Trainee: 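I am attaching a structure below and will ask some questions about it afterwards.
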Amino acid sequence: MNLIFTYVVTGLLVVIGLLSLGQDFVYTPFYILFSLLGLALSFWQQKKKPVPYLRLVVNIILVALTVKALFPFFAGKPKYDMFTALIATWIYFLILSTYIIHTKRDYYIIQGLSLGLIVYACFYATRNPLPLLGYTTAFLVIWIMALRNINLFPETKEEKTIFYTTRDIWREIKLGTILFFAVVIISLPLYFLLPRFNIPLLPMDKLLRQRYSVIY
């Protein structure tokens, strides 16, 4: 039960991160499909046995994608916008990471990559802020539950496996929701007060061109 719950939560985080990109990425349904297939394969490997050399092949592809993404910027002036080109590589990293889940570190990497897509969308991709606010809120609630759940995982296979009951899952959902509202209560004053002090977010203001501005 614990493993299934963790995969469901991880899948929701990945889907929310990909959906946050909005209409700027027309292949989002295919990204989601391949990510879910990767999660299913990783789940099968943990229940049965690992696919030989799969992690090695994925790591080689990740290195190749990194070189391909960075080479144009070192070789000369890139033909495309820097962040538009690199975010596609970021998406591929997320998709490939779902195929090689074995340890807590792998879950954390996927969560970080998914959150990175939402942060990117906040600055650049999404035109309508309301859906993005919903994606971000849902991500934070699910992310809190995911972190609590994954931290209970045994570090090695020799340790005792932890099983969840339905009552335990509901408890995690309730605690996750409470922690989320605690984060909101703390962060809202900062959200409303910081812009009034005109504090620049260096170096982000140098890297990302601002499309919107608010004058107080």
Side-chain angles (χ1 to χ4, degrees), residues 1-21 25 27-70 86-118 120 135 138-176:
M1 178 66 74
N2 186 33
L3 187 61
I4 296 176
F5 179 74
T6 304
Y7 269 87
V8 170
V9 171
T10 303
L12 290 175
L13 294 177
V14 172
V15 170
I16 291 172
L18 291 171
L19 288 177
S20 69
L21 296 173
F25 291 83
Y27 299 112
T28 298
F30 295 100
Y31 295 151
I32 294 175
L33 174 61
F34 284 110
S35 297
L36 295 179
L37 290 176
L39 289 170
L41 180 60
S42 291
F43 181 82
W44 182 85
Q45 290 184 91
Q46 291 206 41
K47 299 297 288 186
K48 302 296 182 180
K49 64 178 182 178
V51 177
Y53 303 110
L54 177 61
R55 179 174 286 271
L56 176 62
V57 172
V58 169
N59 287 331
I60 292 175
I61 296 175
L62 291 176
V63 172
L65 288 173
T66 303
V67 173
K68 180 179 181 298
L70 297 178
L86 292 180
I87 198 63
T89 304
W90 188 285
I91 293 172
Y92 299 148
F93 271 46
L94 174 60
I95 295 173
L96 290 171
S97 298
T98 61
Y99 286 80
I100 50 173
I101 301 176
H102 294 287
T103 64
K104 291 181 182 180
R105 173 178 171 271
D106 299 324
Y107 288 106
Y108 296 146
I109 289 175
I110 290 175
Q111 293 170 17
L113 291 172
S114 301
L115 179 61
L117 293 183
I118 290 182
Y120 169 82
Y135 294 137
F139 185 92
L140 289 175
V141 175
I142 299 172
W143 194 21
I144 291 172
M145 289 187 290
L147 290 176
R148 283 181 48 80
N149 185 67
I150 293 170
N151 284 336
L152 296 176
F153 268 16
E155 291 289 351
T156 62
K157 293 183 178 179
E158 286 73 19
E159 297 182 26
K160 184 179 179 180
T161 302
I162 300 174
F163 293 95
Y164 268 8
T165 64
T166 303
R167 179 179 299 178
D168 295 326
I169 293 176
W170 278 113
R171 184 192 65 211
E172 292 297 321
I173 293 175
K174 292 177 182 178
L175 289 175

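In this text the structure is predicted, and so the values were computed from the model without any measurement.
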Trainee: Quick check for you: to the nearest 0.5 Å, what is the distance between I95 atom CD1 and L39 atom CG?
Mentor: 11.0 Å
Trainee: Using every non-hydrogen atom in the two residues, find where I16 and Y135 come nearest and quote the distance to one decimal.
Mentor: CG2-O, 3.3 Å
Trainee: Side chain to side chain contact (heavy atoms under 4.5 Å, CB included), that's the test. Do L21 and Y120 meet it? Break it down for me.
Mentor: CA-CA 8 Å; L21 296 173; Y120 169 82; 3.7 Å; yes
Trainee: What's the separation between atom CZ in F43 and atom CG in L36, rounded to the nearest 0.5 Å?
Mentor: 14.0 Å
Trainee: Do L19 and I32 come close enough that some side-chain heavy atom pair is under 4.5 Å?
Mentor: yes
Trainee: Is there a side-chain contact between L117 and I87 (heavy atoms, below 4.5 Å)?
Mentor: yes
Trainee: In sequence, state the C-alpha distance, the side-chain angles, and the governing distance for W44 and V51, and then conclude on side chain to side chain contact (heavy atoms under 4.5 Å, CB included).
Mentor: CA-CA 10 Å; W44 182 85; V51 177; 4.3 Å; yes
Trainee: Roughly how far, to the nearest 0.5 Å, is CG of L13 from CG of L140?
Mentor: 10.0 Å
Trainee: If I take atom CZ from residue F34 and atom CG from residue L41, how far apart are they, to the nearest 0.5 angstrom?
Mentor: 13.0 Å
Trainee: As an exercise, state the distance from OG1 of T98 to CG of L96, rounded to the nearest 0.5 Å.
Mentor: 7.5 Å
Trainee: I need the I118 CD1 to L18 CG distance, nearest 0.5 Å.
Mentor: 9.5 Å
Trainee: Taking Q45 for the side chain and I101 for the main chain, is one N or O donor matched with an acceptor at less than 3.5 Å?
Mentor: no
Trainee: For W143, what residues pass the ring-ring contact (aromatic ring centres under 6.0 Å, His included) criterion, not counting sequence neighbours?
Mentor: F139
Trainee: List the steps, then state whether side chain to side chain contact (heavy atoms under 4.5 Å, CB included) holds for S114 with L94.
Mentor: CA-CA 7 Å; S114 301; L94 174 60; 3.6 Å; yes
Trainee: Output side-chain donor-acceptor pairs under 3.5 Å for residues 54-62, partner residues at least two apart or in another chain, one line each.
Mentor:
unit_1: R55; atom_1: NH2; unit_2: I100; atom_2: O; d: 2.7
unit_1: R55; atom_1: NH2; unit_2: D106; atom_2: OD2; d: 3.1
unit_1: N59; atom_1: ND2; unit_2: R55; atom_2: O; d: 3.1

Trainee: Show every salt bridge (charged side-chain N to carboxylate O under 4.0 Å, His left out) that has at least one partner inside residues 34-44, sequence neighbours left out.
Mentor: none
